[in-house]
4 protein chains.
Amino acid sequence: MLMSVNKKIERKKILDAVTRKDIIDAVAATLINEGMQGFTMDKVATAAGVAKGTLYTHFKNKDEAIEVTMDSIVEPLIEQLDAIVTSNIPPSHKLTRYSALSFTFFDDNRDLFRVILYDRGQAHAPKQRFHDSRYWSFVQKLANIFEEGVREGDFLPLPALKIAAMFIDANLSVVMQRLANKITGNIQEDVSLVTGVFFRGIGNRDNESKKSGCEN
Amino acid sequence: MLMSVNKKIERKKILDAVTRKDIIDAVAATLINEGMQGFTMDKVATAAGVAKGTLYTHFKNKDEAIEVTMDSIVEPLIEQLDAIVTSNIPPSHKLTRYSALSFTFFDDNRDLFRVILYDRGQAHAPKQRFHDSRYWSFVQKLANIFEEGVREGDFLPLPALKIAAMFIDANLSVVMQRLANKITGNIQEDVSLVTGVFFRGIGNRDNESKKSGCEN
Amino acid sequence: MLMSVNKKIERKKILDAVTRKDIIDAVAATLINEGMQGFTMDKVATAAGVAKGTLYTHFKNKDEAIEVTMDSIVEPLIEQLDAIVTSNIPPSHKLTRYSALSFTFFDDNRDLFRVILYDRGQAHAPKQRFHDSRYWSFVQKLANIFEEGVREGDFLPLPALKIAAMFIDANLSVVMQRLANKITGNIQEDVSLVTGVFFRGIGNRDNESKKSGCEN
Amino acid sequence: MLMSVNKKIERKKILDAVTRKDIIDAVAATLINEGMQGFTMDKVATAAGVAKGTLYTHFKNKDEAIEVTMDSIVEPLIEQLDAIVTSNIPPSHKLTRYSALSFTFFDDNRDLFRVILYDRGQAHAPKQRFHDSRYWSFVQKLANIFEEGVREGDFLPLPALKIAAMFIDANLSVVMQRLANKITGNIQEDVSLVTGVFFRGIGNRDNESKKSGCEN
DNA sequence: CATGAATGAGCCTTCATTCAT
DNA sequence: CATGAATGAAGGCTCATTCAT
């Protein structure tokens, strides 16, 4: 039964992590199965196979539980988005990558995001944070890409934030349609659709060495 | 104080209508002031100046109260959208009109729609209905306009439902940004932005050389 | 089934009063049977024979329930004390009356006051109010009587507030001993004891004439 | 690092004592800072810098923790009271000493006693024990002094237990007033007041057409 | 012995809904 | 129909206590 203190601590951390992971999974599962408004800590506890009180050793309260779970799921999306933003490729490629990322990511997490997208809001803090902070940070990042494209003469000088939001929501729009119709795969096709519309819509034709179109 | 039975009944109907109208207004006001999650029948009753029980003589339950109120507010939007759909103008004009309609309508009801757009969800039935039925019926109508434009050679032959959804959400996207930043007025500018991007994006350039297809 | 509106309202008020009275009685009973810390709204509801939710149509919360109940019980005591204070009798008679009042009052409500006196405090607001406001208002009133007696040359010019508090607590002291030993009746005797000590002192004057028995 | 078994055990005892002392201090501190009703084992553990479980190796439960802490604080008071009781001085001197002891002791521990006196109760067992056992043992001891005084002809033959309780509570009464008004020092004055009243009474002998007694 | 994550009974409170008047 | 007191299921959260390590 001898074990170094370090090993003990380490093992404890792993056990904790396991429980915590179970709980976060349970939060996500409950969110998926019950929707935002059917979400209760009781159900989470049952789903996680732990006592109700245990949830409160991991989260301050219900809102934080949702928040943390959201974050843990959205985290990879943010990381990949950041990778795109800071990569050394042309802005239009970045947007295409973002579009593809949207489709794969939401495809991978479709059940949860059906809830998030359809059930937006409800709780106090989460709502604010998700929408105000997370969504707008996405918009901001995309806007930067757009502005980069404008500087390079690829895109027309349009209001970046609005274009960014339009692009994000147009992508989500198609994602939602995929979700609603339970469509999987064929991502490339939908990416082409969205980016096609936007690149023609925001593209600078002069730069494309083509004849002039309808400039607004 | 004599009054014919008919008159009595008639008066009753009017009074009922008045009460019903008051209640619906109260529901909307409560939704605005308290948000979806702060919405309680108590508050509605207080706001309407009636007893709590009275609400249940007008609506089966809370969900129906919200539902009916939503409908009563969205009704004019639907009517105007239908007018646009059935009007005898080119498809691109119809879309421009829809875009303008979005902005004016949400501007007029910004307080309520801030709640609906940000607080989407909460109650079971309303959520489903709002999104599944109302939203998709909008998408369908817009899709018909697109298809009309495709048939007339104005638009590229793209998947109509997806394009319709993209257009709706792109408009909402800018609407939400207006709501978030508390921007009013300058509707024309935003209409031009959205329609500009979409017309260039979905416009059939071959056809553009024939007609002057740039609608604002 | 005809009944004037006034009668209806009146009857309703009475019914309400009955329920309210029942609940207040139940609060007091629960306080008595369970003590401050065993006091729960569940138990009150059960004792009152109403649903838990009903309690909250009468009181904002647990603290208010306790507070209101306390007040309703102490009210007659306060009224009688005020009657004594404002009556047109010599200060010493007033104090004697107060002493008698203490004994009869606490005798009448001995079960509840066993809780209050032994279980002082516990809840947030109630504690503060009971002690800080109710107790000190009593002290103040008694102090006024003492000062009156000082002005009339009956009492020595001692710090009124302290003397008042001492007198109140000395009375309570004996009350508590009665409660602890489950003694009833013989009030006159205890009144004489307390007032006797206070009015006259406990020193044996015969003995005092021999030695100078004033110890400090 | 060699050490005899005895030394090890001894050291352990000391360490234990240190921990126990820390915990008791933490209980007292928590009582002071949070009041009876804000008192939780969590807070004690944090204050003591030990794990929550550790508390249960020192005390059977929460009640015992409070109980033991109270005892450890009241212990010196009891010892000093016993010293007074068994000392070879006149009864009246003993009472004066007791009065002075009350004031100094509660002055020294005013923070904790503010909680005990104002927050009396809360926990089941502690309450009972504190009041029933500790308080009454004090009363008994004081009563013995009174009876001694009666036998010696210093005091009138009044019911000793009641007089003792009155004296204790009259002293506490002034102590509480000091606590409430955050008064420190001037102990002698208050001792004289209380003992003066008790020894001499509050009646004005001049007014009673008698010679002057002991004026303070 | 110490630890502290886990426990789960239990508490307070809310609120949609009902129903006797 | 209107009323609003009563209902009671349900929810979020606390905390004394336990026990495997």
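Below, chain A is the first sequence line, B the second, and so on; all start at residue 1.
- C:Met41 places its CE atom 12 Å from the P atom of E:dC11, with the value rounded to the nearest Å.
- Dashed line: the shortest gap from a side-chain N or O of B:His58 to OP1 or OP2 of F:dC1 is not under 4.0 Å.
- Base pairing analysis places E:dT21 opposite F:dA2; the two distances defining the Watson-Crick or G-U wobble pair are each below 3.5 Å.
- Regarding contacts with the backbone of E:dG8, every side-chain N or O of A:Lys52 stays at 4.0 angstrom or more from both OP1 and OP2.
- For C:Ala51, the listed nucleotide lying nearest its side chain is F:dG8; candidates were F:dG8, E:dA16, F:dC13.
- Residue A:Val50 is the one, among C:Thr40 and A:Val50, whose nearest nucleotide of DNA chain E lies closer to the 5' end (criterion: closest heavy atom).
- Summarising the geometry, the separation between CE on C:Met36 and P on E:dC12 is reported as 13 Å, rounded to the nearest angstrom.
- You'll find the side chain of D:Ile23 stays beyond 4.5 Å of the side chain of D:Arg20, heavy atoms only.
- Across all non-hydrogen atoms, the minimal contact from C:Met41 to C:Leu55 is O-CD1, 3.2 Å.
- Two residues, A:Thr54 and B:Lys43, neighbour DNA chain E, and the one matched to the more 5' nucleotide by heavy-atom proximity is A:Thr54.
- Each of C:Gly49 and B:Thr57 was matched to the nucleotide of DNA chain F holding its nearest heavy atom; the match closer to the 5' end belongs to B:Thr57.
- When atom types are taken as modelled, the side chain of B:Lys52 and the backbone of B:Thr46 share no donor-acceptor pair closer than 3.5 angstrom.
- For E:dG8, the paired base is F:dC15 (Watson-Crick or G-U wobble, both distances below 3.5 Å).
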